[in-house]
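Remember, it's a predicted structure, so these values are computed and weren't measured experimentally. Below, each value reflects all heavy atoms present in this structure, side chains not excepted, and no hydrogens, waters or symmetry copies.
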Amino acid sequence: MAPEPPLLSMSGITKSFPGVRALDGVDLDVQAGEVHCLLGQNGAGKSTLIKVLAGAHQPDTGRLRWRGEEVALRSPIAAMRLGIATIYQELDLVEHLSVAENVHLGHEPTTAGFVVRGKAARQSTAALLRRLGHPEIDPARLVGELPAAQQQIVSMARALSHDVRLIVMDEPSAALDPDEVDNLFRIVGDLTAEGVAVVYISHRLEEIRRIGDRVTVLKDGRAVAVGLPAKSTPTREVVALMTGRNVEYVFPERPTAPAQQDTPLLEVQGLARQGEFEPLDLVVHPGEIVGLAGLVGSGRSEILETVYGARKPTSGQVVVDGKALKPGSVRAAVRAGIGLAPEERKAQALLMLESVTRNVSVSSMSRFSRAGWIDRRAELGAARAATRELSLRPDNPSVPIRTLSGGNQQKAVLARWLLRGCRILLLDEPTRGVDVGARAELYAVVRRLADEGLGVLLVSSEVPEVLGLADRVLVLREGRVVHRAPARELDEHRVLDLVMEGSPAS
């Protein structure tokens, strides 16, 4: 008997945009019931390829076959009707609608031809959430009120509300803690056991080994490797294919003796928010990187946002250079020299329709304003100097920020605070969605800024990142500090034991 054709086959796919050839003859085939991992640096063409697969982009040339028959995916609806669902990294949920309304958006339950928006939608949504291992999520709750990890689950429930045969998951674990990742992999295992195929995109190579069957690697819009075995291909080989060079996971060297005898730049004294984190004390000295390690929900991001003034504390205070700041005031924090690079940079930090220049200058506009007019030349010159200091690419601050890779968008956020004269930098998941090569560059930038005297308070879900970049680490569990130590005295297993067991702080 002839072998079954692939569930999906893409051959010779090309796609160009003005001045950019995003895809250059890409081939991809996916078998029913497999996890096919798609790897590549930002800008390699992954996003364009999955948008072609989702029907959001039309290829210039090339063929798509579904179960051996040629198809044309002219819209996302056409892709969905075939059984292709896509869960994007930047979740496309409607925040002012309920969980149930988001799950059934565009295909609401009907009775006798009439749309039923109430009880039936909530009941079917509750069943999907139970299947996903999250019965605690209320189908009637507004999506905008949910934390990022639960929004990810809602997006998965929406995909499963269709009769899907292939699911594309773009960085699905980025906002999940280890338990949530385990649950995600359980779901993926259940789906593939039913014959559903999964195209899985992640920058975390350890996840690829754990969950993947085969790997396709993109570089500069081309497939440089197709169908590699996920579990046995050496990491060094995968990284070399992605980058075109050998990249070692090496963090910048720390100074031999951080200057902790200096007066602290930042002091957090008894800071707390009821229901989010317990009273916290910490200090950050000039030239020092302090890391906060903990699971999603441990209070890490809430601490950073409270220090920044975006949340008002229940008690305690933030002190900069010996002066207490007004609680819950972003203006006071920024004036004191605090800058925040938030977890969701596209939603919370960047003006996606504006240029790199405007994104860099937005917190320093008073420097360029004269009698209500903006000195565009001075603004452009200052932005160019700030971005060049961080080696942002392309070296043209006039381009739209949306055209930059994730790593360069993050550099633009950092350049904003350098231009502002920031002295204390709060980094929340600084390398989320950033590829291997760009991560190394960001690590070097952060270390250099610290060496030049900035104080850095760092949050990351990736324990090796916290341990590799920070000088000192505070380990959090359920809103309280359970351990403090120099980063050199900790390893990943010890930190994970602490966040799971929650032994007393020392």
_Donor-acceptor check, side chain of Trp417 to backbone of Leu340, threshold 3.5 angstrom: yes or no?_
yes

*Applying side chain to side chain contact (heavy atoms under 4.5 Å, CB included), name anything that partners Val330, two or more places apart in sequence or on another chain.*
Tyr308, Ala310, Val334

_Taking the side chain as everything from C-beta on, heavy atoms only, tell me whether Val481 gets closer than 4.5 Å to Val475._
no

*Enter the distance from Ile338:CD1 to Leu325:CG here, rounded to the nearest 0.5 Å.*
5.0 Å

*Any Lys/Arg nitrogen of Arg432 or Glu429 sitting under 4.0 Å from an Asp/Glu carboxylate oxygen of the other?*
no

_Quick check: do Leu266 and Val307 have side-chain heavy atoms less than 4.5 Å from each other?_
yes

*To the nearest 0.5 Å, how far apart are CG in Leu129 and CD1 in Ile153?*
8.5 Å

*Within a reach of under 6.0 Å around CD of Glu253, are more than 12 heavy atoms found that belong to other residues, nucleotides or ligands?*
no

*Sequence-distant partners of Gln269, side chain to side chain contact (heavy atoms under 4.5 Å, CB included), two or more places apart*: Glu267, Asp281, Gln317, Val319

*Is the CZ atom of Arg141 crowded by more than 12 outside heavy atoms at less than 6.0 Å?*
yes

_For Glu441, is there an ion pair with Arg393 - N to carboxylate O distance below 4.0 angstrom?_
yes

*Between Val284 and Ile424, is any pair of side-chain heavy atoms under 4.5 Å apart?*
no

*asked:* I'd like to know if Asp451 and Arg447 make a salt bridge, using a cut-off of under 4.0 Å between side-chain N and carboxylate O.
replied: yes

_salt_bridge(Arg367, Asp375) N-O dist < 4.0 Å_ = no

*Looking only at atom types and distance, does a side-chain atom of Gln151 sit under 3.5 Å from a main-chain N or O of Leu146, one as donor and one as acceptor?*
yes

*Side-chain donor or acceptor of Thr387 paired with backbone N/O of Leu392 under 3.5 Å*: no

*Indicate whether any N or O donor in one side chain lies under 3.5 Å from an N or O acceptor in the other, for Glu180 and His134.*
yes

*asked:* Taking Leu350's backbone N and O only, do any of them form a donor-acceptor pair with Arg345's side chain (distance below 3.5 Å, no angle check)?
replied: no

*Close side-chain approach of Arg376 and Thr357, heavy atoms under 4.5 Å*: no

*To the nearest 0.5 Å, how far apart are CZ in Phe277 and CG in Leu476?*
10.0 Å

*State, without any angle test, whether Ser173 and Glu207 hold a side-chain donor-acceptor pair at a distance under 3.5 Å.*
yes

*Distance, nearest 0.5 Å, that separates CG of Leu390 from CG of Leu449*: 6.5 Å

*Say you draw a straight line from CD of Glu171 to CD of Gln152; how long is it, rounded to the nearest 0.5 Å?*
10.0 Å

*Is any side-chain heavy atom of Asp395 closer than 4.5 Å to a side-chain heavy atom of Arg388?*
yes

*Under a 4.0 Å N-O cut-off, is there an ion pair linking Arg358 with Glu379?*
yes

*Applying side chain to side chain contact (heavy atoms under 4.5 Å, CB included), name anything that partners Thr86, two or more places apart in sequence or on another chain.*
Ala54, Tyr88, Val168

*Do the side chains of His483 and Leu474 get nearer than 4.5 Å, heavy atoms only?*
no

*Any chance NZ of Lys231 has more than 12 other-residue heavy atoms, nucleotides or ligands included, within less than 6.0 Å?*
yes

_Can a side-chain donor-acceptor contact be found between Thr216 and His36 if the only test is distance below 3.5 angstrom?_
yes

_Exceeds 12 heavy-atom contacts within 6.0 angstrom, atom CD of Gln274_ = no

*Are any non-hydrogen side-chain atoms of Tyr443 and Thr431 less than 4.5 angstrom apart?*
yes

_Side chains of Ile167 and Ile87 in contact at under 4.5 Å (non-hydrogen atoms)_ = yes

*Which value, rounded to the nearest 0.5 Å, describes the distance between His285 atom NE2 and Asp471 atom CG?*
11.0 Å

*Between Arg439 and Glu462, is the closest basic N to carboxylate O distance under 4.0 Å?*
yes

